[in-house]
Amino acid sequence: MRILTFLNVSNRSRMQADSGYIFYNLLSPYFTKQNSFYFASPEPLSDCNCIHINKEFGFNKYEVRFSFDWSKVMEIISKVSPDVLIVNQVEQVPHYKAIIQALGINVSIVSYAHYIPYLFVNNVFQYDESLNPHSLR
């Protein structure tokens with residue numbers, strides 16, 4: 001099975017400290033055990049069985065979250081032809097789904113949330129303002 005993921009990190013100066021990078025570094029040996037695991041990111045993982053695809057996503061949290069390089073992502077998905085696509089930012093799943101549909105291929109998409117941007121304070125649901133420093137929500 002071919003597994004592909006794109007890791008768009010905004011903490012480029014300390015990539016090894018990024019939670020997504022740590023997540024994939026821990027799980028990569030399990031993904032590569034009986035599969036081909038493709039990791040599209042600015043830097044490779046420590047697992048030498050992982051196939052690294054150099055892909056830059058931006059250099060600050062806004063550029064990384066709000067821009068999407070449709071043609072480059074489409075090119076990578078076309079080339080790898082994955083069976084499974086792991087999307088580390090659940091809000092970007094529709095972008096990847098649109099590309100898969102445009103390519104006319106059948107790919108399972110999975111995602112996860114390692115950080116949920118909501119809080120409960122005194123039993124009241126609130127947005128986590130650390131993701132909204134300039135009132136953009």
Atom pair OG (Ser41) and CE (Met15), whose distance is rounded to the nearest 0.5 Å: 4.0 Å
Check: Phe23 and Asn88 side chains under 4.5 Å, non-hydrogen atoms: no
Euclidean distance, Leu7 CG relative to Leu45 CG, rounded to 0.5 Å: 8.0 Å
For Phe57 against Pro42, the heavy-atom pair lying closest together: CD1-CD, 4.3 Å
Rounded distance [0.5 Å steps], CG in Leu4 versus CG in Asn35: 12.5 Å
Stepwise side chain to side chain contact (heavy atoms under 4.5 Å, CB included) check, Asp69 with Ser67: CA-CA 7 Å; Asp69 189 350; Ser67 64; over 6 Å; no
Verify same cluster id: Tyr30, Val110 (apolar side-chain graph, 4.5 Å): yes
Sub-4.5 Å side-chain heavy-atom contact between Ile77 and Pro82: yes
Separation between OH of Tyr24 and CG of Asp18, rounded to the nearest 0.5 Å: 10.5 Å
Derivation and outcome, side chain to side chain contact (heavy atoms under 4.5 Å, CB included), residues Asn25 and Gln16: CA-CA 9 Å; Asn25 228 3; Gln16 276 71 20; 5.9 Å; no
Lys79 side chain reached by Ile53 side chain, heavy atoms, under 4.5 Å: no
Neighbour count >12 (heavy atoms, 6.0 Å) for atom CG, Asn106: no
Closest approach of Val107 to Ile100 (non-hydrogen atoms, all atoms of both residues): CB-CD1, 3.7 Å
For the student: nearest non-hydrogen atoms of Val73 and Lys55, plus distance: CG2-CE, 4.3 Å
From CD1 (Ile109) to OH (Tyr96), nearest 0.5 Å: 9.5 Å
Exam field: side chain Tyr112 to backbone Val90, donor-acceptor pair closer than 3.5 Å: no
Residue pair Phe120 / Gln126, side-chain heavy-atom distance below 4.5 Å: no
Validation row: Val87, Thr5 side chains within 4.5 angstrom (heavy atoms): no
Pair Phe39 + Phe31: ring centers closer than 6.0 Å: no
Sidechain-backbone polar pair: Arg2 side chain, Val84 backbone, donor-acceptor under 3.5 Å: no
Contact check, side chains of Leu27 and Phe37, non-hydrogen atoms, under 4.5 Å: no
4.5 Å side-chain heavy-atom contact, Leu103 and Met74: yes
Side-chain donor or acceptor of Asp47 paired with backbone N/O of Asn49 under 3.5 Å: yes
Separation of Leu26 CG from Ser46 OG (nearest 0.5 Å): 8.5 Å
For His95, ring-ring contact (aromatic ring centres under 6.0 Å, His included) partners two or more places apart: Phe68, Trp70
Residue pair Glu91 / Val93, side-chain heavy-atom distance below 4.5 Å: no
